[in-house]
Amino acid sequence: MNKNVIVIGGGIIGLCSAYYLQKEGHHVTIIDQSNMDAGASYVNAGFLSPSHIIPLSAPGVMRKGLKWMFDPTSPLYIKPRLDSDFLKWTYAFNKSCNPNHVKNAIPAIKSLAVLSQELYKDIREKEHFSSQYQKDGILMLFQTEKMLHEELKHARLATEEGLEVNEVTLTDLKQLEPNVNLNVLGGMYYKCDAHTTPNEFMTEMKAYLKTNGVVFYPNEKVEDLEVKNKKIVALVTKAHKLTADEFVLAAGSWSATLSKKLGIHLLLEAGKGYRIDTTRSTGIKLPAILVESKVAVTPMHGFTRFAGTMEIAGINDTINKSRVNAIANAVTKYYPEISVTDTEKDAAASGLRPVSPDGLAYIGTSSKCSNLIIAAGHAMLGWSMATGTGKLVSELISEKKPSLELKMFSPDRKF
Ligand SMILES: Cc1cc2nc3c(=O)[nH]c(=O)nc-3n(C[C@H](O)[C@H](O)[C@H](O)COP(=O)(O)OP(=O)(O)OC[C@H]3O[C@@H](n4cnc5c(N)ncnc54)[C@H](O)[C@@H]3O)c2cc1C
């Protein structure tokens, strides 16, 4: 049966949900409080990375977060707040930082990332998109023995999961990156990963959806959700009151504010990150992660992007110059001949990753509302997992068997 579906949020998760819903023959509307041209889905590093199988909440991360709290240049910053949602999130995050959770989460994370990577390719081919999709792999570049050991452990786990990864020597790196000098001890090469230019894919996807009948309401904030008998009966903005059979909550970092109106208490924090772009030629051929600094480097169509930092400090888009400088300094530390200019730093942009406390997204229904699918909380992997998430959302609404087991992603899971 074809349904009327409203998707709240037109970031990558909302657009991919709309794509698969429209393909199933549903009538889809997307509503977004912004002009749909900025934020996490535009500033991200563009990695489609099944290699990132370890959730953010891993052993030792909380300790690192506490240590880094007083360092203005640290890649992870958790700003303490006297707010019950934040305290509950921190408690759940700390509880998830254990080996058992990591072991259980890895297969779920990997399956969704692998499925999504295949679906990106599939969409591009089917819809004749010309946006960048290159499966050249990514390099994990490290400068210290300590990180070499950490990376060897990650690589072993990835290999056990069937992902293709090799340790590379400095000689190998010279061949892989012939046009740049690298100041590193060595690297791991994850051939399983791909990279994209986010702005290109977002633009092509929005154009595809518009051409194929999806209705857009940009610059309209969902202020309220009216509920009767555990069902949303209307969505309210300043200008409209809209009804539908089903709703999808894909409002990224803002999802918890909206879900609260339905009595659903999602634990979700915004994790701010920044990107710096340079259109000058860098000579960088392969995407990389500068491991100690946690900076991502992506050769995109027409420019190179440097992205990083995770600031858990509430919902705001202020730019912290110290952290932008830290990203720029990391670039020169690993690529000594490349430096970021002041103009490029001044043009840095930010985005908010929607971060759940256990590193797993919320995908599915809640017992508190029967006509809502939640699709939020993908943190550092929202780009990598968007197409798979969109397909799952559409399968749930179309009452089809989901492509993946969804238990670990349940919005009602207990922490
Ligand atoms: C610097 C950086 C680098 C990253 N790199 C990668 C990467 O390489 N690979 C990867 O997989 N992931 C990466 N990520 C993460 C990824 O970008 C995010 O997980 C993803 O974009 C989240 O998408 P989303 O659609 O859930 O949220 P968003 O893109 O934030 O979209 C949510 C939308 O909901 C709208 N909205 C919110 N509230 C309302 C309301 N009340 N009414 C109407 N609309 C509303 C917002 O305006 C917004 O447009 C990175 C993120 C950052 C910041």
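First listed ligand is number 1; within each ligand, the first listed atom is number 1. Side-chain atoms are counted along with the backbone in the values below, which use heavy atoms only and exclude waters and symmetry mates.
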Proximal atoms of ligand 1 relative to Ala250 (non-hydrogen, under 4.0 Å)
32 (C), 34 (O)

Any ion pair linking Lys221 and Asp32 (charged N to carboxylate O, less than 4.0 Å)?
no

Could you tell me whether Lys121 atom NZ has more than 12 heavy atoms of other residues or ligands within 6.0 Å of it?
no

Record the part of Met385 in heavy-atom contact with ligand 1 below 4.0 Å; permitted values are side chain, backbone, both and neither.
neither

Side chains of Tyr274 and Glu311 only: does a donor on one sit below 3.5 Å from an acceptor on the other?
yes

Any idea which part of Phe47 is under 4.0 Å from ligand 1, heavy-atom wise: side chain, backbone, both or neither?
both

Winner among Val222, Thr309, Val355 once heavy atoms are compared against atom 42 (N) of ligand 1
Val222

My understanding is that we take every heavy atom of each candidate and find the minimum distance to atom 23 (O) of ligand 1. Doing that for Gly39, Ser41, Ser34, Gly11, which one comes out nearest?
Ser41

Mark yes or no for whether Ser366, through its side chain, and Lys368, through its backbone, hold a donor-acceptor pair below 3.5 Å.
yes

Atoms of ligand 1, numbered as shown, that sit under 4.0 Å from any heavy atom of Ile13
23 (O), 24 (P), 25 (O), 26 (O)

Can Glu200 and Ser131 be counted as having a side-chain donor-acceptor contact under 3.5 angstrom?
no

Heavy-atom pairs closer than 4.0 Å: do any link ligand 1 to the side chain of Arg353, the backbone, both, or neither?
side chain

Counting only heavy atoms, which portion of Ala375 has something under 4.0 Å from ligand 1: side chain, backbone, both, or neither?
neither

Proximity of Arg275 to ligand 1 by residue part, where a heavy atom lies under 4.0 Å:
neither

